[in-house]
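Encoded as structure tokens, the structure appears first; notes follow it.
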Amino acid sequence: MLNKIGVIGAGYIGGVLVQELVRRGYAKTVAATDPAPFVNSDDPPEKREAARKQSVAKGKALDILEGTPLLRSDVEVLAGRDYDILQGADLVINTAGVPRKARPDGSFPSREELLEINLKVTGQVADGIAQYCKDAIVISIANPLDAIVYTLHKKLSPPKNKLVGMAGVLDSSRYRYFVAKAAGVSVENVEALVLGGHGDTMVPVRSCTRVAGMPVETFVPADDLAALEARTRKAGGEVVGLLGFGSAFVSPALSALEMVESIIYDKKRIVAACALLEGEYGVDGLFVGVPVVLGANGIEKVIEVDLTDSERSGLDASVNAVRKTCEEVDRMIGASVG
Ligand code: APR
């Protein structure tokens with residue numbers, strides 16, 4: 001059990017995270033910060049005054065705390081609009097930002113289109129972490145995932161092991177679910193790795209996909225697998241299109257918790273996660289989804305897996321897409337890309 005876990009952004013994902021952290025007892029204290037509801041300067045004074053008294057984070061925290069007798073949990077929850085409640089957190093999970101949301105015409109923005117607005121938010125997130133918990137391990141979920149993690153790195157310069165993005169666990173979980181259904185077996189039997197950026201170029205690695213240790217092709221024909229891999233690449237958008245009000249929030253929260261659990265219990269679980277590459281896979285200075293060992297020190301090792309030629313070229317294409325977004329970040333925040 002850690003002393004304190006911080007959750008930045010108490011929206012849909014943040015809410016599930018706080019609830020689950022309290023239920024699972026991963027830390028003595030969970031601290032959730034969120035500036036919402038935002039005070040609109042055009043509103044009449046009474047409305048502004050009312051908004052100032054509200055706090056999404058405090059409301060969610062109180063709701064969860066009032067359920068703790070039923071959860072049989074004595075975890076304390078701190079919540080507020082400001083970052084000071086993160087003081088001394090050992091680990092923080094960043095969900096701050098605007099999610100993808102379906103437009104009235106049914107289309108929706110790509111993760112990259114969220115970049116500009118979420119970069120501003122990420123600047124505030126970085127300042128908050130630097131001021132109140134600069135030594136914390138940071139797991140970032142906000143989109144566009146690879147670019148936001150890269151921005152946090154540029155702003156905080158943490159050691160390589162202490163900053164990690166959550167995407168691969170989620171993408172792999174989606175792929176595992178699809179494969180399990182197609183194979184007619186338990187989801188528990190399916191192991192898979194999805195590497196690369198968290199976007200349409202991600203690479204479900206078929207050569208690493210196993211059903212109870214056996215090659216996946218034994219259970220699912222190659223053509224069907226190709227369709228499942230295509231669905232995996234677009235799986236986030238499929239949920240956005242159905243929900244209408246935002247993006248997936250339960251499976252992303254569960255995926256981050258899978259990583260938190262490995263860190264707090266020093267399990268050294270191997271997961272796909274967005275990590276700083278310093279020469280691995282021939283990449284230097286970018287954050288890309290690769291297999292890592294997660295333990296008490298955060299990222300304890302980046303694993304270089306043998307890929308087939310087509311998986312390797314898929315990964316190269318994905319890295320190029322990540323590089324392009326990071327160059328965009330550099331233009332916006334005035335740093336230089338590795
Ligand atoms: N600091 C902290 N929280 C902030 C800040 C900030 N500077 N700016 C905005 N927020 C909060 C919002 O007020 C909102 O409550 O971040 C929260 C985000 O929650 P949701 O809008 O419900 O979005 P959610 O579905 O939780 O997704 C969060 O994860 O998967 C990604 O694309 C998704 O980037 C999005 C993030």
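Treat the numbers as computed from the prediction; the structure is a model and nothing was measured. Order of listing sets the numbers, starting from 1, for every ligand and every atom in it. Side-chain atoms are counted along with the backbone in the values below, which use heavy atoms only and exclude waters and symmetry mates.
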**Q.** atom 9 (C) of ligand 1 [closest protein heavy-atom partner, distance rounded to 0.1 Å]
**A.** Phe38 CZ, 3.8 Å

(Q) So if I apply the side-chain hydrogen bond (donor to acceptor under 3.5 Å, both in side chains) rule between Glu261 and each of Arg24, Arg269, Lys267, which one comes out positive? (A) Arg269

Q.
Does Lys324 qualify as a cation-pi partner of Tyr150, given the criterion of NZ or CZ under 6.0 Å from the six-membered ring centre and within 45 degrees of its axis?
A. no

Q: Considering only non-hydrogen protein atoms, determine which one is nearest to atom 18 (C) of ligand 1 and report residue, atom name and distance to 0.1 Å.
A: Gly97 O, 3.2 Å

Q.
I need the Ser140 OG to Leu152 CG distance, nearest 0.5 Å.
A. 5.0 Å

Q: Among all protein heavy atoms, pick the one closest to atom 23 (O) of ligand 1 and tell me residue, atom and distance.
A: Pro99 CG, 3.4 Å

**Q.** atom 25 (O) of ligand 1: the protein heavy-atom neighbour that sits closest, reported with distance to 0.1 Å
**A.** Tyr12 CB, 3.7 Å

Q. Purely on distance, is any nitrogen or oxygen of Pro35 under 3.5 Å from one on ligand 1?
A. no

**Q.** Atom indices of ligand 1 within 4.0 angstrom of Gln124 heavy atoms, with elements
**A.** 6 (C), 7 (N)

Q) Tell me, which protein residue and heavy-atom name are nearest atom 15 (O) of ligand 1, and how many Å apart are they? A) Asp34 OD2, 2.6 Å

**Q.** Atoms in ligand 1 flagged as close to Ile8, the criterion being non-hydrogen separation under 4.0 Å
**A.** 2 (C)

**Q.** Heavy atom of the protein closest to atom 19 (O) of ligand 1 (residue, atom name, distance)
**A.** Gly11 CA, 3.3 Å

Q) Between Val288 and Val293, is there a shared hydrophobic cluster once you connect ILVMFWY residues whose side-chain heavy atoms come closer than 4.5 Å? A) no

Q) Are Val125 and Ile85 co-members of a hydrophobic cluster defined by side-chain heavy atoms under 4.5 Å apart? A) no

Q.
Does this structure show an ion pair linking Glu258 with Arg176, if we count only N-O contacts that are shorter than 4.0 Å?
A. no

Q) Tell me, which protein residue and heavy-atom name are nearest atom 8 (N) of ligand 1, and how many Å apart are they? A) Val121 CG1, 3.7 Å

Q. Any non-hydrogen atom of Val98 lying under 4.0 Å from ligand 1?
A. yes

**Q.** Distance-only donor-acceptor check, side chains Glu229 and Tyr175, under 3.5 Å
**A.** yes

Q) Should you measure from each heavy atom of Tyr83, which atoms of ligand 1 turn up under 4.0 Å away? A) 1 (N), 2 (C), 6 (C), 7 (N)

**Q.** Protein residue, atom and distance nearest to atom 27 (O) of ligand 1, heavy-atom basis
**A.** Ile13 CD1, 3.6 Å

(Q) Using 30° and 60° as the class boundaries, would you call the ring planes of Phe245 and Tyr12 parallel, tilted or perpendicular? (A) tilted

Q: Taking the side chain as every heavy atom from C-beta outward, state whether Asp127 and Tyr83 have any pair of such atoms under 4.5 Å apart.
A: no

Q: Could you tell me whether Val56 approaches ligand 1 through its side chain, its backbone, both or neither, with non-hydrogen atoms closer than 4.0 Å?
A: neither

Q. Are the side chain of Lys4 and the backbone N or O of Gly88 linked by a donor-acceptor pair below 3.5 Å?
A. no

(Q) With heavy-atom distances below 4.0 Å as the criterion, list the atoms of ligand 1 near Ala36. (A) 13 (O)

Q) Counting heavy atoms only, which of Thr33, Asp127, Asn143 is nearest atom 31 (C) of ligand 1? A) Asn143

